[in-house]
Amino acid sequence: MGGSIIVCKDVCVAYGRQEVLHNVNLEIPRGAFLPFIGCNGSGKTTLLRAILGLVPLRRGLIETPFDRAPAGYVPQHKVIDPLYPVSVRQIVEMGLYPRRRRFRRLDEEQRNASAAALEQLGLAEHAKKNFRELSGGMKQKTLIARALVSGSEVIVMDEPTSELDEQSENEVLSHLVELNAQRGITVLMVHHNRELVERFTHTMCRIQRGNAEIVSTGKGGGDNA
Amino acid sequence: MGGSIIVCKDVCVAYGRQEVLHNVNLEIPRGAFLPFIGCNGSGKTTLLRAILGLVPLRRGLIETPFDRAPAGYVPQHKVIDPLYPVSVRQIVEMGLYPRRRRFRRLDEEQRNASAAALEQLGLAEHAKKNFRELSGGMKQKTLIARALVSGSEVIVMDEPTSELDEQSENEVLSHLVELNAQRGITVLMVHHNRELVERFTHTMCRIQRGNAEIVSTGKGGGDNA
Amino acid sequence: MHDAMQCLYCQFPEALRAGLLISAVCAMLGVFVILKRAVFIGITLSEVATCGVAAAFLLGIPPFAGSLALVLAAVGALAIPFDNQRIPRDTLMGIIFIAASALAVLLVSKSGTGLMEVNAVLYGDLILASKKELAILFAVLVPALAGFLLFLRPSLYSFLDREAAKVLGIRTWIWETLFFLMLGAVISATSQIAGALLVFCYLVVCPATALVLSKRIKVVLALAPLLGMLATFLGMVVSFNYDLPTNQTICIIACILFVVGAGVKRLVSLSLR
Amino acid sequence: MHDAMQCLYCQFPEALRAGLLISAVCAMLGVFVILKRAVFIGITLSEVATCGVAAAFLLGIPPFAGSLALVLAAVGALAIPFDNQRIPRDTLMGIIFIAASALAVLLVSKSGTGLMEVNAVLYGDLILASKKELAILFAVLVPALAGFLLFLRPSLYSFLDREAAKVLGIRTWIWETLFFLMLGAVISATSQIAGALLVFCYLVVCPATALVLSKRIKVVLALAPLLGMLATFLGMVVSFNYDLPTNQTICIIACILFVVGAGVKRLVSLSLR
Amino acid sequence: GQLKVVATTADLASIAREITGDLAKVDSICTGKQDPHHLQARPKYVMMARGADLWIRTGMELEVGWEMPVIDGSRNRGIRPGQPGHLDASAHIHKLEVPEASMLSRAMGDVHAQGNPHYLIDPENAKHVAADIAARLARLDPKNEEAYKANAVRFQQEVDRRMEDWKAKMEPFLGKPVVTYHKSWIYFCHRFGIRIAIELEPKPGIPPSPTHLTRVVQTVQAEKIGVILQEPWYSTKAADRVAEKTGARVVVAPTSTGGDPAATDYFSLIDLIVQRLAGE
Ligand SMILES: Nc1ncnc2c1ncn2[C@@H]1O[C@H](COP(=O)(O)OP(=O)(O)OP(=O)(O)O)[C@@H](O)[C@H]1O
Ligand SMILES: Nc1ncnc2c1ncn2[C@@H]1O[C@H](COP(=O)(O)OP(=O)(O)OP(=O)(O)O)[C@@H](O)[C@H]1O
Ligand SMILES: [Mg+2]
Ligand SMILES: [Mg+2]
Ligand SMILES: [Zn+2]
């Protein structure tokens with residue numbers, strides 16, 4: 001353990017003419033719980049997608065462990081083609097893919113993992129529904145569950161709780177903190193509610209107009225700001 | 001002025017077998033600022049869409065003023081087909097449609113209105129971008145701007161600020177409150193952050209498992225809960 | 001080359017005029033055909049028309065009445081909003097295509113005529129356009145284009161974001177239905193004269209090129225007809241000089257313009273790095 | 001009826017077997033063809049194959065080599081991920097269709113052969129299937145189906161949500177390319193024997209019916225081949241009894257099954273109110 | 001200067017060439033490999049029509065889809081129907097398969113309403129056509145009247161001369177049944193006394209039904225038919241299939257000049273058909 005799990009060196013990302021990330025240098029320690037905070041359009045999503053290898057870099061280098069062990073990922077844009085006749089359970093089970101053996105059915109443990117994730121996010125009674133039949137929050141929960149069951153070392157979530165009700169949001173965040181504390185899972189998460197995030201950690205990554213830096217705010221871990 | 005602007009009588013809505021709204025009776029007073037609060041999947045979106053006439057009712061009746069004057073609407077699912085070559089400005093100008101005369105170009109006032117909305121939401125420098133080139137928050141702001149320029153008597157917003165950063169969220173909510181107070185515009189808005197909402201109003205519509213009722217919480221208009 | 005062009009115009013004035021008119025109108029409508037994901041509507045409607053003619057022969061009614069009736073029915077089915085459907089619009093289009101093609105053959109197999117006779121009724125080749133056909137074209141296309149441009153805004157809004165448009169008081173189903181009906185009329189009228197493949201090409205290839213080249217709707221709507229007219233003109237000149245079938249030459253020129261356009265776009269975006 | 005069926009089997013055993021096999025495999029693959037919005041891939045590839053044969057005649061190479069080369073090229077172009085493209089996949093398919101149709105005519109017009117001769121190479125009618133063709137079919141379809149079923153999961157995940165699949169370590173481009181290559185091989189092999197229209201029908205109509213009837217992927221994947229085989233069987237019986245062309249009869253039966261399926265579904269959902 | 005003759009099909013052009021010799025330039029619109037029912041128009045066709053002094057068509061609505069548009073497009077008044085520059089070659093031939101008047105009204109729009117237009121494959125009809133062409137050329141170009149008439153007579157004599165040979169070779173088929181693919185063979189078979197028992201694809205473009213295929217097989221077996229005759233541009237799959245079941249021989253022969261590399265002119269066309277049928 002210890003050391004950095006993800007290292008960005010002089011990362012530049014651009015869409016066409018517009019450079020969105022300018023020389024980002026970042027070392028994310030193994031086992032961090034790192035919220036990403038920043039204005040709309042500052043480049044949070046772009047940075048996370050660059051780390052996941054979903055956006056090509058114009059310059060620079062990102063070292064990640066993802067070629068060995070895939071990440072759990074909740075995208076910001078929580079859309080799945082509504083035409084596909086797949087149930088919520090099947091979408092969650094997609095997250096088990098890296099863990100299952102080829103050409104085999106799910107084993108007991110994996111089935112339990114997906115059932116537990118569904119249960120925890122309150123989706124158990126909707127498990128047979130189709131993605132298009134879910135409410136916005138339920139869609140989001142489905143994708144969170146998919147990321148959680150992947151059992152990855154790193155979980156990357158882009159505004160995972162934007163459409164959740166307050167209670168669910170707290171549950172999800174607490175669960176993430178718990179995973180982070182107990183199993184040492186690294187969590188990278190974009191969140192807009194700084195106050196809420198500060199209840200859990202005081203180290204965060206601040207993104208401003210394409211520049212990212214890790215900052216620490218006041219040390220006390222108080223519950224109310 | 002005065003009286004109810006929207007009246008729901010015994011409204012039932014169902015998707016296939018599943019009844020989602022059970023006998024909702026609601027009188028929304030003209031000029032209300034009414035947040036809708038409820039768990040994920042409780043039926044908020046369905047109710048708002050029923051009021052807008054976008055979901056067929058299984059039973060019951062909804063009286064609205066929307067056949068005379070259209071509403072401003074921000075859907076929960078903020079997707080616009082990315083293929084269409086239309087700019088942010090053009091999407092915002094779509095909101096002016098009910099106000100403009102047929103076969104005429106935009107007049108001075110209308111152009112100012114759309115420019116002002118873009119400015120206010122910080123989209124002015126992105127006005128020429130395509131919808132697909134926006135960040136999640138900017139997409140949301142575009143659709144909020146479209147709803148604002150419509151100049152409607154009623155504005156219906158389904159989680160309009162879910163992906164906005166804190167500052168933008170406050171600005172949008174303050175602007176809505178201002179519109180409500182100064183121009184008597186009725187605002188119906190789903191929001192999950194009850195604490196934040198209570199800074200602005202203490203009357204809200206609570207939705208629980210398909211039942212809706214208007215409730216008043218503690219009277220003091222304190223800023224911090 | 002100059003001679004050839006001159007010759008082209010003095011030899012085939014109707015073909016040139018008809019080609020330019022058809023390409024301009026179809027390419028403009030085609031922008032929305034692509035955006036609505038109804039690319040194959042051209043050949044689908046032409047199969048439906050064939051089936052209508054075959055049915056008309058069997059029933060002993062005028063062929064055009066038969067083809068018109070079936071085309072309208074098909075267009076009506078395609079105008080249904082497909083947002084909440086279990087299958088997308090192009091699937092329904094595929095099914096209509098298959099049903100029409102198969103039914104045409106079955107009808108013919110039971111009537112006194114052959115398939116060639118049925119096809120002959122619908123035969124069209126741009127180079128053979130006559131004065132009378134040009135007049136029909138003007139009568140159909142000019143009002144269609146005028147209506148389309150006049151009602152561009154509500155139609156665009158309906159297509160772009162149906163629910164938002166509904167909430168804004170736009171009667172989206174009217175615009176969708178009108179658009180598809182107009183498309184049906186335009187495709188029927190033009191296919192008759194220019195042939196199904198060429199109309200399909202104008203509806204798809206030229207607007208696709210425009211969409212690749214620009215992201216401003218106004219530019220796209222202006223560029224598509226220009227590209228269509230350019231392809232028509234170049235295609236006619238080439239077919240004239242190298243003695244090639246005109247329709248197919250125009251199609252290939254349009255495809256070449258597409259490839260060139262996409263390539264140029266790519267080069268420009270690479271050079272920005 | 002019983003007699004007819006008996007007769008059907010003893011007269012056309014290869015046709016019946018080939019039909020059932022083709023319908024089962026194509027209908028199952030067709031589910032993904034619809035979901036990937038590539039409905040018209042069947043006729044597009046058949047036009048491409050025609051163009052390939054025409055080119056082969058001109059170059060003096062074996063016709064099948066020409067058609068294979070072009071089909072592979074087209075399939076490769078269609079396997080490109082279209083998420084960030086300016087135009088959707090079906091538009092590219094339309095352009096390929098147009099280019100192939102037009103080019104085929106132009107090539108033919110410059111070579112000595114006629115278009116009919118080119119088409120004759122690709123002509124197929126289920127009822128004419130021979131023992132040798134049945135063997136070829138087995139050789140192509142059985143491995144294709146086995147590969148498809150073995151790798152169903154990663155392919156499904158790649159199609160359903162490409163980015164999530166990538167993050168999960170699935171090499172999506174491999175599965176997409178493999179799927180389209182396999183589709184190209186299956187379509188080429190089966191069109192040769194059953195005709196382009198019938199293959200198109202199996203790829204679209206039967207899976208569409210299954211998708212309308214069920215929202216469970218496993219049910220859909222099982223129902224589509226069953227519907228395909230039912231349509232084949234009924235179509236053959238009807239065509240035998242009423243003296244109709246077989247391919248087209250099967251297509252119409254499949255369309256009827258679709259209409260019946262959609263109607264039943266609608267009735268059931270209305271009766272739930 | 002020289003007369004320009006444009007024929008719609010390669011057969012007509014070939015016969016016309018026999019008549020004109022070097023006195024006129026003869027071109028054809030369709031090559032022997034193109035389907036005259038269906039034609040992809042090229043600018044050249046219109047240009048050819050424009051320069052034509054004589055336009056010869058097969059008639060009987062074979063070219064119905066494209067002929068008038070091409071003539072209209074050419075704006076050449078001299079070759080419009082009814083003008084001396086327009087010759088319908090079917091005027092004096094012996095027509096087969098002319099539907100009855102009652103049928104006509106029912107099947108409105110039927111292109112072959114005037115009968116089967118594939119008549120040139122019968123050499124006797126070719127003789128009539130040659131005479132018609134010569135007469136018309138003589139009218140257009142009176143100073144060469146003698147030459148045209150002489151050429152026509154020579155053509156007719158050549159047909160008569162070869163006819164004996166052909167008849168001899170077709171002797172074994174006299175009164176015997178064959179299967180043909182399309183109706184394009186009826187004039188030929190009629191001339192040589194061959195009976196067409198059944199057609200493989202009774203309607204162009206409509207694939208045979210299984211019943212029909214079974215019927216063909218049964219007919220071939222019952223009547224001990226030895227030959228299935230078809231044109232080169234259709235797939236031989238159906239014929240092969242019947243042949244495989246019955247042991248009949250599939251004979252592929254062109255029906256128009258240029259339809260096969262060996263069929264360079266009208267005589268070699270008929271020669272080729274006869275040879276192929278005789279199995280040489
Ligand atoms: N298109 C649909 N088809 C079938 N069921 C649906 C559909 N849309 C919503 N539902 C169901 O209706 C119920 C209410 O959904 P609704 O979207 O109204 O919830 P909501 O209160 O807006 O939730 P959220 O806060 O997550 O947005 C849910 O149980 C959902 O599964
Ligand atoms: N596909 C794209 N094409 C072009 N520009 C893009 C694209 N995606 C994002 N951008 C631009 O990149 C910038 C950063 O976008 P990004 O999505 O990373 O922001 P973000 O920090 O995630 O914002 P938000 O909080 O709104 O989600 C924005 O200016 C946006 O316009
Ligand atoms: Mg973002
Ligand atoms: Mg909702
Ligand atoms: Zn004929």
Side-chain angles (χ1 to χ4, degrees), chain A residues 15-18 20 36-47 49 75-79 82 121-123 125-126 128-130 132-142 158-172 190-197 207-208 224-225, chain B residues 15-18 20 36-47 49 75-79 82 121-123 125-126 128-130 132-142 158-172 190-197 207-208 224-225:
Chain A
Y15 297 108
R17 228 174 284 241
Q18 187 197 7
V20 173
F36 285 65
I37 299 266
C39 295
N40 291 132
S42 55
K44 303 178 295 296
T45 301
T46 307
L47 178 55
R49 286 166 57 82
Q76 179 172 12
H77 206 208
K78 281 113 196 151
V79 204
L121 286 154
L123 291 170
E125 56 172 319
H126 304 291
K128 288 199 162 172
K129 281 191 180 169
N130 215 298
R132 63 171 170 244
E133 296 167 332
L134 299 180
S135 79
M138 279 145 61
K139 283 181 183 162
Q140 204 160 29
K141 287 176 178 173
T142 306
D158 202 345
E159 310 195 16
T161 59
S162 56
E163 295 179 53
L164 298 196
D165 57 43
E166 277 185 312
Q167 197 195 338
S168 310
E169 179 166 27
N170 278 321
E171 280 171 18
V172 167
V190 176
H191 206 285
H192 281 305
N193 192 338
R194 185 165 175 156
E195 211 176 297
L196 186 66
V197 164
I207 310 213
Q208 269 172 331
N224 296 306
Chain B
Y15 297 108
R17 226 174 286 242
Q18 187 198 4
V20 172
F36 285 66
I37 299 267
C39 295
N40 292 131
S42 55
K44 303 177 294 296
T45 301
T46 307
L47 178 55
R49 286 167 56 82
Q76 180 171 14
H77 207 208
K78 281 114 195 148
V79 204
L121 286 153
L123 291 171
E125 56 171 319
H126 304 291
K128 287 198 162 175
K129 281 192 179 168
N130 216 298
R132 63 174 170 242
E133 297 168 331
L134 299 180
S135 79
M138 279 145 63
K139 283 180 183 162
Q140 204 159 28
K141 287 176 179 175
T142 307
D158 202 345
E159 311 196 14
T161 60
S162 56
E163 296 179 53
L164 298 197
D165 57 42
E166 276 185 313
Q167 198 196 336
S168 310
E169 178 167 26
N170 278 321
E171 279 172 17
V172 167
V190 175
H191 206 284
H192 281 304
N193 192 340
R194 186 168 174 151
E195 212 176 298
L196 186 65
V197 164
I207 309 212
Q208 270 172 333
N224 296 307

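A quick note: this is a predicted structure, and the numbers were derived from the prediction, not measured. Keep in mind that the numbers below use all heavy atoms, side chains included, and drop hydrogens, waters and symmetry copies. Throughout, protein chains are lettered first and strands after them, A, B, ... in sequence-line order, and every chain is numbered starting at 1.
In this structure, NE2 in A/H192 is found 12.0 Å from CD in B/Q167, a value given to the nearest 0.5 Å. The OG atom of A/S135 sits 5.5 Å away from the CG atom of B/N40 when rounded to the nearest 0.5 Å. In this structure, CD on A/E163 lies 4.5 Å from CD on B/Q76, to the nearest 0.5 angstrom. We find the CG-CD distance between B/L196 and A/E166 to be 9.5 Å, quoted to the nearest 0.5 Å. With values rounded to the nearest 0.5 angstrom, A/E159 atom CD is found 9.0 Å from B/L164 atom CG.
Only the side chain of A/Q18 comes within less than 4.5 Å of a heavy atom in chain B; its backbone stays farther off. Contacts of B/S168 with chain A are made by side-chain atoms alone, with heavy-atom separations under 4.5 Å and no backbone atom involved. For a residue to count as touching a neighbouring chain, one of its non-hydrogen atoms must lie under 4.5 Å from one of that chain's; by this rule B/K141 touches chain A with the side chain only.
Between chain B and the options A/D165, A/V190, A/D158, A/L134, heavy-atom pairs under 4.5 Å are most frequent for A/D165. Comparing A/K139, A/K129, A/K44 by how many heavy-atom pairs each has under 4.5 Å with chain B, the most go to A/K129. When each of B/G122, B/G137, B/S162 is scored by its heavy-atom pairs under 4.5 Å with chain A, the top score falls to B/S162.
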